[in-house]
S.K.: 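Here's a structure for you.
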Amino acid sequence: MRLENIIAGSGAIILHGCADTEITSICSDSRKATAGSLFIAVKGCAVDGHDFIDAALAAGAAGVVSADRKGLAICADSFYGHPSQNLTLVGITGTNGKTTTVTLLYKMFMNLGYNCGLLSTIANYVGTKRTETANTTADPITINSLMAEMVEAGCEYCFMEVSSIGVEQERVAALRFKVGIFSNLTHDHLDYHGTFAEYLRCKKAFFDSLPSDAVAITNIDDRNGMVMVQNTAARVVTYSLKSIADHNCRVMEESFDGMLLKIDGMEVWSRLIGLHNAYNLLAIYSTALEVGAEQEEALIALSRLESAPGRLENLRGPRGLSVIIDYAHTPDAMENVLKTLRDIAPEKHLMCVFGCGGDRDKTKRPEMAAVAQQWCDRIIVTSDNSRTERTEDIMEDIRKGFDAEGLSKSIFIADRREAIRTAIMFAPAGATILLAGKGHETYQIIGKEVHHFDEREVVDEVFKTINIQ
């Protein structure tokens, strides 16, 4: 493709090469530059791409342009042939529920016989082909490259997580969304955004950018549900478990095996549990109807869905123990999970093992402690992904959220493997143990090193130890 066609409308400035230079690939990382590449120099949060122009040229780049973040997104969209316009692109934003919702939408439509793509925290899929992911919302070149693969593979739908950081950094600029979904807004990412108001603004900007032929689906039980869509040009569709809305749901029965829901007057059994999953399923159902599914078809497909990896994943063990692995890493998410576990089995001893990520929002650490104290009989505070912070310092921040009662039922074990072993070994028969924060992750980041750490493996090892005894 000619360089001028790639940068048309992007505001990018040519620094090397000329308008008719033929480009065979694009990159914003000089380490990915090859002969024929266009290197797009963008000033990022940590580094300035302009400092690496010489490196890109040395690697054989045929052209170099300077652009802002939105300009990069426009260039990526152009180079890959505007792939989002050839897909039914569904994006979801919110604090909690994004991964579960898009993953289950992907599974639902694949089960209905459609070829689909998925861009999520856990993994990216082009049809059944899986690739790993580094961020909740990837960079614009990766996004458009994957969507171009989806179009080439005959995918009709793409389901995508849209993070507030991804919106703020213009990673989704130039994408053509057919549907935008809002789940909820609670405390998270204030280390990046600074204030809750700024966090909200970035979420809302996603809906502000939707075109008039799109649909904005919003949870009106969240106090910011209507705020999100107040300035959107898209058609608004509402869902609720508490109020009159376009789509409603009520939880009729619930156990560890699933829950009976009444959605728009029709009963459906789901293998998922928890009020938060009732919201996720209602969002999925609402979306399915908006993109072409019939009601009965959508409900049948809904009943066949299983939870996303690391979301209320139940490992049953000896002595009647249930170990629940969940990604909950915000106060609201952890409260949702703990309340669900308490409601389902109010008589059972409830334990929680959790930590907080390092180099991330510190203000939520004492809040996580307060939530654990409210719902749990026993608490073990441990490490999560400590990154470059000392685990002991993170644990001390968490400690500040406990009062005397909370401290009396809490212990602090920095080693997460040992914390899990301790919880299982000393849990009374029939107890429920929540391992919060890691979910689908199979690693732990300590310092700048990534170590293999799969909680399922750790739990299995401890279960085997109990069985031998």
Side-chain angles (χ1 to χ4, degrees), residues 92-105 107-108 120-122 136 161 163 181-188 203 217-225 228 238-243 245 247-263 268-287 302-303 305-314 322 324-346 350 352 354 364 367-368 371-372 374-376 432 434-440:
I92 180 170
T93 196
T95 305
N96 302 312
K98 296 189 297 296
T99 303
T100 295
T101 301
V102 294
T103 301
L104 296 187
L105 274 166
K107 289 181 178 179
M108 172 189 274
S120 79
T121 300
I122 296 176
T136 299
E161 289 187 55
S163 69
I181 309 167
F182 172 68
S183 60
N184 51 66
L185 196 68
T186 60
H187 196 151
D188 201 15
K203 295 288 190 188
I217 300 175
T218 187
N219 171 16
I220 61 171
D221 290 347
D222 187 281
R223 63 178 181 174
N224 292 297
M228 287 291 147
T238 59
Y239 67 95
S240 169
L241 271 70
K242 301 176 181 177
S243 309
H247 301 292
N248 288 93
C249 173
R250 188 154 61 97
V251 180
M252 309 294 288
E253 299 174 14
E254 188 173 21
S255 71
F256 274 122
D257 295 319
M259 54 187 171
L260 179 65
L261 306 174
K262 180 173 278 189
I263 298 179
V268 59
W269 176 262
S270 171
R271 301 177 193 179
L272 279 66
I273 62 172
L275 196 63
H276 59 295
N277 273 324
Y279 278 106
N280 293 336
L281 290 166
L282 186 55
I284 292 164
Y285 165 82
S286 303
T287 303
L302 211 65
S303 70
L305 294 174
E306 296 181 352
S307 184
R311 270 63 178 176
L312 279 172
E313 193 171 335
N314 188 3
S322 288
I324 310 295
I325 295 177
D326 195 88
Y327 189 54
H329 61 282
T330 67
D332 181 71
M334 195 158 83
E335 182 163 36
N336 285 337
V337 173
L338 288 172
K339 185 177 185 303
T340 294
L341 299 178
R342 181 61 83 191
D343 287 347
I344 291 174
L350 179 58
C352 180
F354 80 99
K364 69 181 180 183
E367 294 183 17
M368 299 277 281
V371 168
Q374 178 182 356
W375 295 102
C376 296
T432 302
L434 172 65
L435 309 183
K438 298 295 292 173
H440 62 279

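For the single chain, residues carry numbers from 1 onward in sequence order.
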S.K.: Would you name the heavy atoms of Lys107 and Glu306 that are closest together and state the gap between them?
M.R.: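 Here Lys107 and Glu306 meet closest at NZ-O, 4.1 Å.
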
S.K.: Show the nearest heavy-atom pair for residues Leu338 and Cys376, with the distance to one decimal.
M.R.: CD2-SG, 3.7 Å

S.K.: Looking at Arg271, I'd like to know if its CZ atom is crowded, meaning that more than 12 non-hydrogen atoms belonging to other residues, nucleotides or ligands lie closer than 6.0 Å.
M.R.: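 Result for CZ/Arg271: enclosed.
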
S.K.: Hey, are the side chains of Met334 and Asp326 touching, using non-hydrogen atoms and a 4.5 Å cut-off?
M.R.: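 They are not in contact (no side-chain heavy atoms under 4.5 Å apart), so the answer is no.
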
S.K.: Could you check whether any side-chain heavy atom of Leu302 comes within less than 4.5 Å of a side-chain heavy atom of Met108, counting everything from C-beta outward?
M.R.: yes

S.K.: Any donor and acceptor pair, going by atom type alone, linking the side chain of Thr432 with main-chain N or O of Ser322 inside 3.5 Å?
M.R.: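 Side chain of Thr432 to backbone of Ser322: no pair is present.
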
S.K.: Do you know which two heavy atoms are closest between Gly439 and Ile325, and how far apart they sit?
M.R.: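 So the two residues come closest at O-CG2, 3.7 Å.
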
S.K.: For the residue pair Tyr327 and His440, does the interplanar ring angle fall in the parallel (under 30°), tilted (30 to 60°) or perpendicular (over 60°) class?
M.R.: tilted

S.K.: Provide the closest heavy-atom pair for Ile273 versus Asp257 in the form atom of the first, atom of the second, distance.
M.R.: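 Smallest heavy-atom distance, with atoms named: CG2-C, 4.5 Å.
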
S.K.: Are side-chain heavy atoms of Ile263 and His247 found at a separation under 4.5 Å?
M.R.: no

S.K.: If we check side chain to side chain contact (heavy atoms under 4.5 Å, CB included) with Leu105, which of these qualifies: Thr100, Asn280, Ile284, Ile92?
M.R.: Ile284

S.K.: For Asn314, which residues count as a side chain to side chain donor-acceptor pair (under 3.5 Å) partner, sequence neighbours excluded?
M.R.: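 Result, side chain to side chain donor-acceptor pair (under 3.5 Å) vs Asn314: none returned.
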
S.K.: Hey, are Asp332 and Asn96 close enough side-chain-wise for a donor-acceptor pair under 3.5 Å?
M.R.: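 Per modelled atom types, Asn96 and Asp332 side chains form a pair under 3.5 Å.
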
S.K.: Could you check whether any side-chain N or O of Glu161 sits under 3.5 Å from a backbone N or O of Thr121, counting only pairs where one atom can act as donor and the other as acceptor?
M.R.: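 Such a contact is found between Glu161 side chain and Thr121 backbone.
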
S.K.: In Å and rounded to the nearest 0.5 Å, what is the CD1 to CG distance from Ile324 to Leu435?
M.R.: 9.0 Å

S.K.: To the nearest 0.5 Å, how far apart are CD in Gln374 and NZ in Lys339?
M.R.: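 Here the interatomic distance stands at 10.0 Å.
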
S.K.: Holding to side chain to side chain donor-acceptor pair (under 3.5 Å), I want the full list of residues that pass it with Ser240, two or more places apart in sequence or in another chain.
M.R.: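 With sequence neighbours excluded, Ser240 shows a side chain to side chain donor-acceptor pair (under 3.5 Å) to Asp221, given in chain and number order.
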
S.K.: Between Lys203 and Gly94, is there a donor-acceptor pair closer than 3.5 Å when you use the side chain of the first and the backbone of the second?
M.R.: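 Yes.
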
S.K.: Could you tell me if Glu313 and Ser307 have a donor-acceptor pair between their side chains, going purely by distance under 3.5 Å?
M.R.: no

S.K.: Has the side chain of Asn219 got a donor or acceptor atom that lies under 3.5 Å from a matching backbone atom of Ser183?
M.R.: yes

S.K.: Less than 4.5 Å apart, any side-chain heavy atom of Leu185 and any of Met228?
M.R.: yes

S.K.: Work out which heavy atom in Ser255 is nearest to a heavy atom in Trp269; give both atom names and the distance.
M.R.: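 Closest pair (atom of Ser255, atom of Trp269, distance): OG-CH2, 4.4 Å.
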
S.K.: Do Arg311 side-chain atoms and Pro309 backbone N/O form a donor-acceptor pair below 3.5 Å?
M.R.: yes

S.K.: Looking at side-chain heavy atoms only, is the closest gap between Leu312 and His276 below 4.5 Å?
M.R.: yes

S.K.: With side chains defined as the heavy atoms from C-beta onward, is the minimum distance between Leu282 and Tyr285 less than 4.5 Å?
M.R.: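 A side-chain contact exists here, since the closest heavy-atom pair is under 4.5 Å.
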
S.K.: Distance-only, no hydrogens or angles: does the Lys364 side chain make a donor-acceptor pair with backbone N or O of His329 under 3.5 Å?
M.R.: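 Checking the backbone N and O of His329 against the side chain of Lys364, a donor-acceptor pair under 3.5 Å is found.
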
S.K.: Counting distance only, does the side-chain N/O of Asn248 pair as donor-acceptor with the main-chain N or O of Ser243 below 3.5 Å?
M.R.: yes

S.K.: Among Leu260, Leu261, Leu281, exactly one meets side chain to side chain contact (heavy atoms under 4.5 Å, CB included) together with Val268. Which residue is that?
M.R.: Leu261

S.K.: Return the CD1 to CZ distance between Ile220 and Phe182, rounded to the nearest 0.5 Å.
M.R.: 12.0 Å

S.K.: Give, for atom CG of Leu434 and atom CG of Leu341, the distance between the pair rounded to the nearest 0.5 Å.
M.R.: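 Spacing of CG (Leu434) from CG (Leu341) equals 6.0 Å.
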
S.K.: Report the distance from atom CD of Glu253 to atom CD1 of Ile344, rounding to the nearest 0.5 Å.
M.R.: 12.5 Å

S.K.: Would you check if Asn336 and Leu275 make a side-chain contact, meaning some heavy-atom pair closer than 4.5 Å?
M.R.: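 A side-chain contact under 4.5 Å is absent here.
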
S.K.: Taking side chain to side chain donor-acceptor pair (under 3.5 Å) as the definition, give me every residue that meets it alongside Tyr239, ordered by chain and number, with sequence neighbours left out.
M.R.: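 Tyr239 satisfies side chain to side chain donor-acceptor pair (under 3.5 Å) with no other residue.
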
